[in-house]
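The structure displayed is predicted, hence computed values, not measured ones. Heavy-atom basis, side chains included; hydrogens, waters and symmetry copies ignored.
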Amino acid sequence: MKFKSQTQLLQKIKEIARSLRTSVNGSDLTVFLLFLCLAFFFWWSRAMSDTYELNIEYPVELTAQEGGVRVITDDAWSLKLTVSGKGSALWGEQIRIRHASPMAIPVDRFQMAGGHGSLATVLLKDTLSQIMPQSITIRNIQPDSLVFTYINEKIVMVPVVFGGTTESVNQYFADAIRFSPDSVAVGISRSNRDSALVVRTENVRVEVSADTVTQRVSLVAQNGMLLYSDEVEMTVSASQYTEKSLDVPVVGINLPEGQVLRAFPSKARLVFWVRMADFDDVRPEDFTVVVDHNDMAGIQQEKVQLKVYRQPAGVNRVRIQPATVDFLIETTVADRIPVSYLME
C-alpha cells in the first residue's frame, strides 16, 4: 500500500480510528498501531532532513599551568551559539554536548594586563567548527568576549595548624597535635609577602579519649590561597591527668629599686591538672606566683590580682586560690632604716 503524501496517510489513519470506535478487535488494533508507527517514522524522517536554526549553550573552561596565571573569577563559563543545520545533526549535537566535557581554552590565548584577561569569542569559531559536524554552521556567538580576573601565582609550602577544638574524655588531655604532612603546597599571589601564612584545618571537634587519636581532617582555603591538598592526617597525642594542689609563695615583680612587697596571705594555693605520670615530680618551686607592681600604677586599691608567672610543662587549667591578696610595700631610706606603709 503506497501513499502519495502524508495527507493521504493521515486520512487513512483517521478512517481506521473511526472503524475502531464501532468495532475494536485484535486485528484492527494491530493495523492501527502499524499505521501509527509508519506515520511517526515518515514525520521523523522528514523533520530530521529539514534545516533548522536554534540556540545551544556550549560549556567552556579556562586552563592554566600551576604556578602561573590563576583565574579567580567565579562565574560559570558558557557560550550561547546560534547554529543552523539538518535536524538530525542538531539533535545529535545537543545530545553530545550534554555528556561532553567543557571545551578547554588556555589562558595564553587571552589578552591580559592589570589583572584582567579578555578574548574575543569570534576567535573560537574555527575551533568550535572543527568539533561540530560539518553540516552544522555557526551563525553567531554570544557573549562577544570572555572576560576574567586573574592573579600571577606562585606555589609555596605553608604549615598546617589546628583550627578546631579538643574535648577531654575520662581525664585525657591533648599534649600535642601533629600533622602528616605538616606543610602543604598552596598557590598565592606573587605580590604576597606575608611570611606568617598558615593553612588551618576545618573547625572539627576532637574527643580525646585515649593516648593517641588519629583521623583525616579537611583543610580550609583562606586569604586568597589555592590548596593543592584537600586533607591531611592528624594525630593527637594525649595523657591522662589528675588534679593536684600546692601552696606557692607570692612574690612581687617590677617594683621600684629599694622596695619589697609583702602579701597577705603570703602564699597562694594553686589547683591544677597534671599528668598522672608526673604527679609526684611537680613541686611548689616549679611555679612562680606574682604581684605585678605595674598593675598598681595610678590605682587606689586595697587588693591586687595574683598571676601565675611560671609553671612547668605538662600542667594545665591552673586556678589560684585566692585570686587577690592584700599587700604591703616596704621601702628603705638611705641610712637603711626600713619605713613601711600600706597602699590604700
Report summary line: To the nearest 0.5 Å, atom CG of D278 lies from atom CG of D280 at 9.5 Å
Query - Those residues that, when tested against L226, pass side chain to side chain contact (heavy atoms under 4.5 Å, CB included) (two or more places apart) - result: R70, E153, Y228
Query raised in the report: Would you say I141 and K80 make side-chain contact, with heavy atoms under 4.5 Å?
Result: no
Query raised in the report: Do T324 and V304 come close enough that some side-chain heavy atom pair is under 4.5 Å?
Result: no
Requested in this report: Working to the nearest 0.5 Å, report the span between CE of M225 and OG of S189.
Outcome: 12.0 Å
Enumerate, atom names and distances included, each donor-acceptor pair closer than 3.5 Å involving a side-chain atom of residues 229-238, sequence neighbours excluded.
{"from": "E231", "atom 1": "OE2", "to": "R216", "atom 2": "NE", "distance (Å)": "3.4"}
{"from": "S237", "atom 1": "OG", "to": "R178", "atom 2": "NH1", "distance (Å)": "3.2"}
{"from": "S237", "atom 1": "OG", "to": "R178", "atom 2": "NH2", "distance (Å)": "2.9"}

Query raised in the report: What are the two closest non-hydrogen atoms of I136 and M132, and how far apart are they?
Result: CG2-SD, 4.1 Å
Report task. Tell me whether I151 is reachable from I188 by hopping between hydrophobic residues (I, L, V, M, F, W, Y) whose side-chain heavy atoms are closer than 4.5 Å. Result -> no
Report summary line: The side chain to side chain contact (heavy atoms under 4.5 Å, CB included) partners of P249 (sequence neighbours excluded) come to K267
Report task. May I have the step-by-step check of side-chain contact (heavy atoms from CB on, under 4.5 Å) for Q259 and E330, ending in yes or no? Result -> CA-CA 6 Å; Q259 294 184 354; E330 292 184 347; over 6 Å; no
**Report entry** With sequence neighbours excluded, residues passing side chain to side chain contact (heavy atoms under 4.5 Å, CB included) with L62
**Finding:** V71, W77, I105, V107, F110, F148
Query raised in the report: Do V318 and V274 share a hydrophobic cluster (ILVMFWY, side-chain heavy atoms under 4.5 Å, transitive)?
Result: yes
Query raised in the report: Honestly curious: do F287 and V271 fall in one hydrophobic cluster under the side-chain, below-4.5 Å linking rule?
Result: no
Query - Within one Ile-Leu-Val-Met-Phe-Trp-Tyr cluster: L246 and W273, side-chain cutoff 4.5 Å - result: no
**Report entry** Note, V251 side chain near V291 side chain (heavy atom, < 4.5 Å)
**Finding:** no
Requested in this report: Determine the minimum heavy-atom distance between V60 and S78, stating which atoms define it.
Outcome: CG2-N, 4.2 Å
Requested in this report: With sequence neighbours left out, write down each residue that passes salt bridge (charged side-chain N to carboxylate O under 4.0 Å, His left out) with R96, or none if nothing qualifies.
Outcome: E93
**Report entry** Distance in Å, S183 OG paired with M157 CE, rounded so as to fall on 0.5 Å steps
**Finding:** 5.5 Å
**Report entry** Side-chain (D286) to main-chain (R283) donor-acceptor, under 3.5 angstrom
**Finding:** yes
Query raised in the report: Under the side-chain contact (heavy atoms from CB on, under 4.5 Å) criterion, do F264 and V325 qualify, and how do the steps go?
Result: CA-CA 6 Å; F264 305 97; V325 293; 6.0 Å; no
Query raised in the report: Rounded to the nearest 0.5 Å, how far does CD1 of I138 lie from NZ of K125?
Result: 7.0 Å
Query raised in the report: Are more than 12 heavy atoms from other residues, nucleotides or ligands located less than 6.0 Å from atom CD of E285?
Result: yes
Query raised in the report: Just by distance, do the side chain of T121 and the backbone of P143 share a donor-acceptor pair under 3.5 Å?
Result: yes
Requested in this report: Just do the side-chain contact (heavy atoms from CB on, under 4.5 Å) check on K244 and F272 with the steps written out, would you?
Outcome: CA-CA 6 Å; K244 183 174 182 175; F272 52 89; 3.9 Å; yes
**Report entry** Separation between CG of L79 and CD of E57, rounded to the nearest 0.5 Å
**Finding:** 9.5 Å
Query - L255 to L261 - nearest heavy-atom pair and separation - result: CD1-N, 3.8 Å
Query raised in the report: Of all residues at least two apart in sequence or in a different chain, which pass the side chain to side chain contact (heavy atoms under 4.5 Å, CB included) check with V161?
Result: V198, R200
**Report entry** Closest contact, heavy atoms only, P284 versus D247
**Finding:** CB-O, 3.7 Å
Query - Residues which pass salt bridge (charged side-chain N to carboxylate O under 4.0 Å, His left out) with D144, listed by chain and number, not counting sequence neighbours - result: none
**Report entry** Under the salt bridge (charged side-chain N to carboxylate O under 4.0 Å, His left out) test, residues paired with R109 that sit two or more places apart
**Finding:** none
Query - Min side-chain heavy-atom separation I95-R98 under 4.5 Å - result: yes
Query raised in the report: Do you know the tightest heavy-atom contact between Q142 and N140?
Result: NE2-ND2, 3.4 Å
Table please: side-chain donor-acceptor pairs of residues 163-177 below 3.5 Å, with sequence neighbours left out.
{"from": "E167", "atom 1": "OE1", "to": "R205", "atom 2": "NE", "distance (Å)": "3.3"}
{"from": "E167", "atom 1": "OE1", "to": "R205", "atom 2": "NH1", "distance (Å)": "3.4"}
{"from": "S168", "atom 1": "OG", "to": "Y172", "atom 2": "O", "distance (Å)": "2.9"}
{"from": "Q171", "atom 1": "NE2", "to": "Y241", "atom 2": "O", "distance (Å)": "2.6"}
{"from": "D175", "atom 1": "OD1", "to": "Y241", "atom 2": "OH", "distance (Å)": "2.8"}
{"from": "D175", "atom 1": "OD2", "to": "S239", "atom 2": "N", "distance (Å)": "3.4"}
{"from": "D175", "atom 1": "OD2", "to": "S239", "atom 2": "OG", "distance (Å)": "2.4"}

Report task. For F179, check ring-ring contact (aromatic ring centres under 6.0 Å, His included) against everything at least two apart and list the hits. Result -> none
Query raised in the report: Under the side-chain contact (heavy atoms from CB on, under 4.5 Å) criterion, do T214 and T212 qualify, and how do the steps go?
Result: CA-CA 7 Å; T214 301; T212 304; 3.9 Å; yes
Query raised in the report: Just wondering, do V248 and I320 contact through their side chains at under 4.5 Å, heavy atoms?
Result: no
Report summary line: The complete set of side chain to side chain donor-acceptor pair (under 3.5 Å) pairs with one or both residues in residues 303-316, sequence neighbours excluded, reads T288-R310, D295-K307, K303-D326
Query raised in the report: What residue pairs, at least two apart or across chains, pass ring-ring contact (aromatic ring centres under 6.0 Å, His included) with a residue in residues 116-142?
Result: none
**Report entry** Path from L227 to I155 over hydrophobic side-chain contacts below 4.5 Å
**Finding:** no
Query raised in the report: What distance separates N254 CG from N294 CG, expressed to the nearest 0.5 Å?
Result: 4.5 Å
Query raised in the report: Is the closest side-chain heavy-atom distance between V83 and R139 below 4.5 Å?
Result: no
Report task. Check whether any side-chain heavy atom of S129 lies under 4.5 Å from a side-chain heavy atom of I131, and answer yes or no. Result -> no
Query - Nearest atoms (heavy-atom pairs only) where F279 meets T242 - result: CD1-CG2, 3.5 Å
Query raised in the report: Between V282 and P312, is any pair of side-chain heavy atoms under 4.5 Å apart?
Result: yes
